[in-house]
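Within every chain, numbering begins at 1; the chains are lettered A, B, ... in the order of the sequence lines, protein sequences first and strands thereafter. Small disclaimer: the values here were computed from a predicted structure and weren't measured.
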Protein chains: 2
Amino acid sequence: MTEVTDRISRRQVDKFAERRSQLATSALRTLSQLGYARTSLREIAQNSEFSHGVLHYYFRDKVELIMYCVKQYKAECVTRYDQIVATAEDADQLKVDFGAALAVTCEEDATMHRLWYDLRNQSLFEESFREDTLEIDKSLEQMIWRIVTTYADLAGRDLTVTPATAYGLLDGLFQQALFRHLAGDPTALPTLRTATEQTLPKFLT
Amino acid sequence: MTEVTDRISRRQVDKFAERRSQLATSALRTLSQLGYARTSLREIAQNSEFSHGVLHYYFRDKVELIMYCVKQYKAECVTRYDQIVATAEDADQLKVDFGAALAVTCEEDATMHRLWYDLRNQSLFEESFREDTLEIDKSLEQMIWRIVTTYADLAGRDLTVTPATAYGLLDGLFQQALFRHLAGDPTALPTLRTATEQTLPKFLT
DNA sequence: AGGAACTCTTGACGACTGTCCAGATCTCCA
DNA sequence: TGGAGATCTGGACAGTCGTCAAGAGTTCCT
């Protein structure tokens, strides 16, 4: 008896979770196109295959939906450069690969990155966003730190920056490149590559 | 005749400009508290001594009002560190003074800085914001460049960064500190100081 | 003193928002 | 196959939004 209802409820839970994820994907697409300030629940529903009422069947309110979206986005992000770390053989190659990877995602995922910066900024005004945003930011910092420490290891040198500083500096470069790229500046991405390659060595002793 | 009407119209123009500026100041206060997404014209008017209708007497629409606000904010910003540049006597002093000044404004003007980052982000979604935002960003870059070149001069060394890279890196540090400070992290401001002091030397040969 | 021009208030408008709910539709087990 | 529960629709709700305009109030010159 318990086995059966467990199986049932698990299936229902899975289906429930699947639809939540599906709706979150639609929401992310709309959010990344319009930004937080201009995205309404009706707009999200219109870009999905459901009506607007269903959003409140799967999410308590707008905040819960957006937070679910942000967390789903996080999972995609934090492992983005792990392969570069795993396959790097020397410091210079890691440096070049990392700069190139930054430029690639800056171009391909531009709207998602711009959404991330938008939502991170919203957390400065909307208290309910803050906790999750800080958690994601922390994991991004750790992701950068894996790159930087691997780079130092391969170079056989010590680091002169803290994890937070390394993340702050590189995030500044990336954000600047994203702005200029989205503004139509064709030099934004090459500049991001060279700036990254010139910055990483400065982290070493 | 022309003289008189000129005098009149100039006085009227001045009064018109004064009231615009006054309304923009109210708007900036409200915007910095609520953020772009949550600020309405009625809210702005309520935090001023006028009714909401007057906003459309002095500004064509919401976009023109906010752009006027941003430009007014710009004038306050770009000369912020000029005195430090003017009075600096050696590189180490400039380094320390600059880090301290960043930490001070990060604390005292926290809500205005958060508004700046909010509006700069909006320009990634709202095309009409872009031009002015890029212009302000450029002047901030030049402001940072004045600091950095003065620092290199006093140190008697050459620079290894472009103006854009120096701005991107330092802006990343500042933004990170602003986030953590507003999130209640008491180490944010001391960390900003030390990180700035440790970063500036990395710009030199 | 009168009147023209400027300034401001007030209320209205249509559109849009998040939320909720009654009921239609679907799924799936007994 | 029937019916219970899960899922989904579409409309209604009370608010808020930007915008506008009619008219009251003010200023200031002749």
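For the residue pair A:Q72 and A:S21, the shortest heavy atom distance occurs at OE1-OG, 3.3 Å. For the residue pair A:T194 and A:T191, the shortest heavy atom distance occurs at OG1-O, 3.1 Å.
Contacts of A:R180 classified as side-chain hydrogen bond (donor to acceptor under 3.5 Å, both in side chains), with partners at least two apart in sequence or in another chain: B:E141. Under the side-chain hydrogen bond (donor to acceptor under 3.5 Å, both in side chains) criterion, B:E135 pairs with B:K74, sequence neighbours left out. Contacts of A:E76 classified as salt bridge (Lys or Arg N to Asp or Glu O under 4.0 Å), with partners at least two apart in sequence or in another chain: A:R80.
One can place CD of B:E18 at 17 Å from P of C:dC6, the figure rounded to the nearest angstrom. Taking atom NZ of residue B:K15 and atom C1' of nucleotide D:dC28, one finds them 10 Å apart after rounding to whole Å. Taking atom CG on B:L55 and atom P on C:dT9, their separation rounds to 10 Å, with Å as the unit. Going from atom CZ of A:F16 over to atom C1' of D:dT7 covers 10 Å, rounded to whole Å. For the pair B:L65 CG and D:dC17 P, the interatomic distance rounds to 14 Å; values are reported in whole Å. B:L34 places its CG atom 14 Å from the C1' atom of D:dT16, with the value rounded to the nearest Å. Atom pair B:R20:CZ and C:dC6:C1' shows a separation of 16 Å (rounding to whole Å applied). Rounded to whole Å, atom P of D:dT19 lies 10 Å from atom CD1 of B:I66.
As judged by a 4.0 angstrom heavy-atom cut-off over every strand, A:Y58 is placed among residues touching the sugar-phosphate backbone only. Among the heavy atoms of the strands lying under 4.0 Å from A:F50 are primed sugar atoms or P, OP1, OP2 only; no base atom is included.
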Can you give the donor-acceptor pairs under 3.5 Å from side chains of residues 167-174 of chain A to other protein atoms, not counting sequence neighbours?
unit_1, atom_1, unit_2, atom_2, d
A:Y167, OH, A:D137, OD1, 2.6
A:D171, OD1, A:Y117, OH, 2.8
A:D171, OD2, A:R120, NH1, 3.4
A:D171, OD2, A:R120, NH2, 3.2

For nucleotides 12-18 of chain C, which of its nitrogen or oxygen atoms have a protein nitrogen or oxygen under 3.5 Å away, and what is each distance?
unit_1, atom_1, unit_2, atom_2, d
C:dA12, N6, B:R42, NH2, 2.9
C:dT17, OP1, A:S40, OG, 3.0
C:dG18, OP1, A:K62, NZ, 2.8
C:dG18, OP2, A:L41, N, 2.9
C:dG18, N7, A:R42, NH1, 2.7
C:dG18, O6, A:R42, NH2, 2.9

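If you check residues 118-129 of chain B against DNA chain D, you find no residue with a heavy atom closer than 4.0 Å.
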Could you walk me through whether A:F129 and A:Y36 pass the ring pair (Phe, Tyr, Trp, His ring centres under 6.0 Å) test, one step at a time?
-> CA-CA 12 Å; A:F129 288 9; A:Y36 171 79; 5.6 Å; yes

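Here the options are A:N121, A:L134, A:T133, the test is side-chain contact (heavy atoms from CB on, under 4.5 Å), and the partner is B:F179; only A:N121 passes.
Heavy-atom distances to DNA chain D give each of A:Y57 and A:G53 a nearest nucleotide, and the one nearer the 5′ end belongs to A:Y57.
The structure places OG1 of A:T111 at 8.0 Å from CZ of B:F125, a figure rounded to the nearest 0.5 Å.
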